[in-house]
Amino acid sequence: MNDRRYEDAALREALGRISNQIEQEPLPEDFEQQVMNRMASTKSSRRWTLVAAVSIGVLMLSGISLAALQLRNQGVVKTPSSETHHVVKLQTIETKDSIVRFDNVPLDSLLTIVGKHYGRTVIFHNEQSRHIHLYTKWDTTAPLNQIIDRLNGFEKVSIRLTDNLIISE
Amino acid sequence: MICTFSSQVNGQHVFKGTSLSKALVELDQSTKRYDISFISDELEDFTVTKTIKRGRSLPDAVREVCGFYPVKVSVKGRDILVECIQKDRTKLTGRLVGPDRQPVAYANITLSSPSDTAYIGGGVSNEAGDFVIPCSAAQARVRISCVGFKTIERVMPISDAGTIRMQMEDYYLNNITVSGRMPTEDA
């Protein structure tokens, strides 16, 4: 009986941790590398290729009722309740030829990908700007200032370039 | 010569309660002449109920879907940038319907301070009767007016106001004189 209580508590903790990760860290750690790899391997492709469709789409954590969790030998049986709903919008990065399309991607991730391509380090002076989610396109064959000029067109975004740095202010 | 980079939207686009960000993505994919960029998290609450007819220029189509929302549309060369003017995280949202439950479009919604009635924000309902007004205050005096309906005024929290039913306004005319002439033929 004691073992069973221990397992339930551990399960509760794990589920809490997973749901926090889903809401706070929608992109996998190596997604930038995935994008760069895919960009390199699909240069001649004529089709849009999904590179990173992450964040589990429209995620409906239908208020997983922890009280209703039952541990079985075969696994976990979850009974969802309809009390709470968390909707996380899909974040996608797609490539077609030399064009990368970012949909609902945080500025932080976007600049990291762009910075890697042009060999620049990204610095955020304004931490809040990391979390601005953007829809935009980037031509990987164009000079860096093209995407930066476009992003600077937004009132909320201010990015400066130096020799080796992309600085978000 | 066939122009493959037409500035006009490709085909007709029908949006019914579509989020503004989704509508912009669809329009972006309809032509290669322009590139649309926008700050997605700001536009998620705004909904679009509109039909964009084939042949509209993309900048015009974008302005049309943005409607009366507090959204800035700027066109720079081939770039169209869309962002919310008001940066407040909290928003007053709701839907206006008449006694017959039909949407009340183009109603004026004015937010003022409950204490001194100073203007703090405003907006207009769209074709579906939906409105979204960013506002940093916790509550506001909300005044909703539309021709043909009784004006509503009440203090509300800045959150989702749900469906607000407006009552018809009765109009009384003092008198009407109808006059006319029989057509005559000149001899």
Side-chain angles (χ1 to χ4, degrees), chain A residues 23-24 26-27 46-48 53 55 57-58 85-94 96-111 114 126 128-142 145-159 168, chain B residues 4-5 10 15 17-48 58-59 61-62 65-66 69-89 91 93 132 134 136 159-160:
Chain A
E23 287 180 38
Q24 291 166 13
L27 294 170
R46 303 299 300 174
R47 293 170 49 234
W48 282 105
S55 154
V58 178
H85 296 273
H86 301 278
V87 179
V88 179
K89 195 178 175 270
L90 186 73
Q91 296 177 13
T92 55
I93 303 169
E94 295 175 336
K96 183 186 181 186
D97 302 332
S98 63
I99 307 294
V100 178
R101 195 176 69 175
F102 299 99
D103 188 356
N104 193 35
V105 174
L107 184 62
D108 186 358
S109 311
L110 189 155
L111 287 183
V114 170
N126 178 359
Q128 283 188 333
S129 65
R130 282 181 190 274
H131 310 293
I132 298 171
H133 286 230
L134 291 150
Y135 174 91
T136 194
K137 277 181 260 176
W138 165 45
D139 183 349
T140 54
T141 60
N145 64 327
Q146 190 188 74
I147 178 82
I148 299 300
D149 286 349
R150 177 182 290 167
L151 296 176
N152 277 333
F154 291 114
E155 284 180 11
K156 252 184 161 179
V157 178
S158 175
I159 300 167
S168 175
Chain B
T4 53
F5 294 101
N10 185 8
F15 303 113
T18 312
S19 77
L20 180 53
S21 48
K22 243 185 192 173
L24 290 172
V25 171
E26 189 175 321
L27 289 176
D28 182 47
Q29 290 168 346
S30 70
T31 171
K32 291 178 178 173
R33 170 69 183 80
Y34 289 97
D35 288 323
I36 298 176
S37 298
F38 58 88
I39 298 180
S40 12
D41 40 353
E42 288 180 342
L43 307 183
E44 207 45 45
D45 291 334
F46 300 119
T47 57
V48 180
L58 192 63
V62 170
V65 294
C66 292
Y69 286 129
V71 166
K72 180 179 152 191
V73 178
S74 38
V75 182
K76 293 173 185 168
R78 58 173 292 144
D79 283 329
I80 300 177
L81 303 181
V82 183
E83 67 181 314
C84 189
I85 300 165
Q86 288 161 283
K87 308 295 182 191
D88 304 304
R89 284 248 165 228
K91 297 177 178 81
T93 59
V132 181
S136 59
S159 60
D160 183 12

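These numbers come from a predicted model, not from an experiment. By convention in this document, chain letters (A, B, ...) are assigned in the order of the sequence lines, proteins followed by strands, and residues within each chain are numbered from 1.
With a threshold of 4.5 angstrom between heavy atoms, B:Asp41 approaches chain A through its backbone and through its side chain.
Side-chain atoms of B:Ser40 come within 3.5 Å of backbone atoms of A:His133 as a donor-acceptor pair (strictly under, hydrogens ignored).
Distance check: A:Arg101 CZ to A:Thr136 OG1 gives 11.0 Å after rounding to the nearest 0.5 Å.
With chain A as partner, the option from B:Asp28, B:Ile36, B:Leu24, B:Leu43 having the largest number of non-hydrogen pairs under 4.5 angstrom is B:Asp28. For the set B:Val82, B:Ile39, B:Ile85, the count of heavy-atom pairs under 4.5 angstrom toward chain A peaks at B:Ile39.
With sequence neighbours left out, the side-chain contact (heavy atoms from CB on, under 4.5 Å) criterion links B:Ser136 to B:Asp88. Under the side chain to side chain donor-acceptor pair (under 3.5 Å) criterion, A:Glu155 pairs with B:Lys72, not counting sequence neighbours. Residues forming a side-chain contact (heavy atoms from CB on, under 4.5 Å) with B:Thr93 (at least two apart in sequence, or on another chain): B:Lys91, B:Val132, B:Asp160.
Below 30°, between 30° and 60°, or above 60°: for A:Phe102 and A:Trp138 the angle between ring planes is below 30°, a parallel geometry.
Contact residues of residues 145-154 of chain A toward chain B are A:Arg150, A:Gly153, A:Phe154 (heavy-atom distance under 4.5 Å).
Neither side chain, A:Ser98 nor A:Thr140, offers a donor N or O lying under 3.5 Å from an acceptor on the other.
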